[in-house]
Protein chains: 2
Amino acid sequence: MNEQELSLTEENYLKIIYKLEMEHKGEVTTNAIADLTNTKAASVSDMLKRLSQKVLVNYIKYQGVTLTPEGRKKALMVIRKHRLWEVFLVDQRGYSLEADHEIAEQLEHIESLQLVDQLEKVLGYPPVDPHGDPIPNAKGEMPNKKQIFLKDMQINQKGQIMGVKDTSPLFLKYLDKIGIGIGTEFEIIDRVEYDQSVELNISGRLTIISKEVAQNLFTIE
Amino acid sequence: MNEQELSLTEENYLKIIYKLEMEHKGEVTTNAIADLTNTKAASVSDMLKRLSQKVLVNYIKYQGVTLTPEGRKKALMVIRKHRLWEVFLVDQRGYSLEADHEIAEQLEHIESLQLVDQLEKVLGYPPVDPHGDPIPNAKGEMPNKKQIFLKDMQINQKGQIMGVKDTSPLFLKYLDKIGIGIGTEFEIIDRVEYDQSVELNISGRLTIISKEVAQNLFTIE
DNA sequence: ATAATTGTTTAGATGAACCTAAATTAGTAA
DNA sequence: TTACTAATTTAGGTTCATCTAAACAATTAT
């Protein structure tokens, strides 16, 4: 009785309400939603009424919306799918395409919990997507992982590259050249006082990265 | 001017018309389409009018439809996506899920030619999907590959397992056990007169499969 | 050839998701 | 407070994809 199928559009609304709720910590306004959905306020009002009827949001006229527990769970499932597909896309093809996000916007609506769970397994249970955003678990709970930049890590700490901040082709090409990518394991060997560059041990080899690079690479926890 | 975006529904109609055209070699009837789309004849008539206006089908009232070249190309692109995703699903997870086809039905509508081309590359340019159906190329042309069952191959011929006919869990489990899967390379060593079983060389090791198994495994060309 | 059957199309409605324009409410400034 | 502005909702329409029921065309059987 719980598992009402949601339309693609409804899923998108929930996802956006979730995001806005996180940002402003509270009620979400009609206009804010209209902006992000590329629709008009009137259309949003319509939809909020419908979502309210399905008990996915708490909606009081003129006062904005919040998600119900059920709505939040649905939103998190969509976000989970989106982020896992993002990992998949980057994994399969590198950061090459600007379009990754757009494609993930479509893939996030593929219905099959099993598929997404299997995807997660194949990808090695990544805690975050390539933007460093945490991936909700199969129960629809958002873990509070945080990204830590190599620049800020202690000497002797180990980790695995989980993503990059700067996604310009120039930077990505350089990373590729020096053999650093998503999943690369490393250990912080030393930090050079002089220029704040960082010495890494990557599978036995010493690799030195500049401060700029160390500011743009992150691991998790 | 050519690249009108099609709705998911329109894509499905084209795909189904293509399939029916292949089967009956000629005009496709309204009712046949209605059956496969799980809609009613009246809805099909409506849609055919719309597709006709977009010059994707040739439609004459009471006389059935055929695809135009443009419509055929669109249909083949959908089929290409569907079959590549099927390969992906089986690749990632084995035949485990009955639901593979349903999931591919959704994935086939993901818009991104680049993604599907990249997928094809990652999968190693498979000529057929796991059901042995050929995969149209990036230009929207259907190659005429045909499946050949191991039962019918000559001694000394080599090949690669491209799919299975029987997809019952029992059979798939057995294949798994004897180490045969999609992509497995083999050479036909001999055929045993007595029971028509087939001796294979699989990466240096002799494997014997029964007539029944050899009737259900195929390669291509 | 005519009648009966089957297949197909039209007419008129529906629901989802959107729109514009007008009305309403909430919040702010005089 | 009252008047004004900005945000929101309602009213009334549109398009897409569907439906049912009725009308119409084509095919088959007598």
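To find a chain, count down the sequence lines: A is the first, B the second, and so on, and within it residues start at 1.
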- Message: For a quick test of reading the model: is some side-chain N or O of B:Tyr13 closer than 4.0 Å to OP1 or OP2 of D:dT18?
- Response: yes
- Query: Would one find a side-chain N or O of B:Thr29 under 4.0 angstrom from OP1 or OP2 of C:dG7?
  - Reply: no
- Task: Round to a whole Å and report the spacing from CD of A:Gln53 to C1' of C:dG15.
- Result: 13 Å
- Task: May I ask you to verify if any side-chain N or O of B:Tyr62 is less than 4.0 angstrom from the OP1 or OP2 atom of D:dA23?
- Result: no
- Whole-Å distance separating the NZ atom of B:Lys49 from the P atom of D:dT15: 16 Å
- Would you indicate which nucleotide in C:dT24, C:dT20, D:dT20 comes nearest to any side-chain atom of A:Ala42? C:dT20
- Query: Less than 3.5 Å between a donor and an acceptor, one on the side chain of B:Asp46 and one on the base of D:dC16, is that the case here?
  - Reply: no
- Message: Does C:dT20 have its OP1 or OP2 closer than 4.0 Å to a side-chain nitrogen or oxygen of A:Lys40?
- Response: yes
- Does A:Lys81 reach the main-chain N or O of A:Ile110 with its side chain, forming a donor-acceptor pair under 3.5 Å? yes
- Message: Could you tell me how far apart A:Glu10 (CD) and C:dC18 (P) are, to the nearest whole angstrom?
- Response: 10 Å
- Message: Using whole Å, what does the distance between atom C1' of nucleotide C:dA17 and atom CG of B:Leu8 come to?
- Response: 16 Å
- Message: Please determine whether a side-chain nitrogen or oxygen atom of A:Lys61 lies at a distance below 4.0 Å from atom OP1 or OP2 of C:dA26.
- Response: no
- Message: Taking only side-chain N and O atoms of A:Asn31, does any of them lie within less than 4.0 angstrom of OP1 or OP2 on D:dT8?
- Response: yes
- Would you call A:Glu120 and A:Arg80 a salt bridge, taking side-chain N to carboxylate O under 4.0 Å as the test? yes
- Interatomic distance, A:Glu27 CD vs D:dT8 P [rounded to whole Å]: 12 Å
- Query: What is the distance from CG of A:Leu51 to C1' of D:dT9, rounded to the nearest Å?
  - Reply: 16 Å
- Message: Taking A:Arg72 first and then A:Glu21, would you say they form a salt bridge - that is, a charged N and a carboxylate O separated by under 4.0 Å?
- Response: yes
- Under 6.0 Å from the CG atom of B:Leu113, do we count more than 12 heavy atoms belonging to anything else shown? no
- Message: Taking A:Thr39's backbone N and O only, do any of them form a donor-acceptor pair with A:Ser43's side chain (distance below 3.5 Å, no angle check)?
- Response: no
- Query: Below 4.0 angstrom from OP1 or OP2 of C:dA17, is there any side-chain N or O of A:Arg50?
  - Reply: yes
- Query: Using a cut-off of less than 4.0 Å, is there contact between a side-chain N or O of B:Ser43 and OP1 or OP2 of D:dA17?
  - Reply: no
- Compare side-chain N and O positions of B:Ser45 against OP1 and OP2 of C:dT10 and report whether any pair is under 4.0 Å apart. no
- Looking at every strand, decide which applies to B:Thr39 at a 4.0 Å heavy-atom threshold: base, sugar-phosphate, or nothing. sugar-phosphate
- May I ask you to establish whether B:Lys165 and B:Phe149 are in a cation-pi arrangement, using a distance under 6.0 Å from NZ or CZ to the six-membered ring centre and at most 45° from the ring axis? yes
- Under 4.0 Å between a side-chain N or O of A:Thr9 and OP1 or OP2 of C:dA17? yes
- For A:Met47 and C:dG15, what is the distance between atoms CE and P respectively, to the nearest whole Å? 16 Å
- Item | Interatomic distance, A:Leu48 CG vs D:dT8 P [rounded to whole Å] | 10 Å
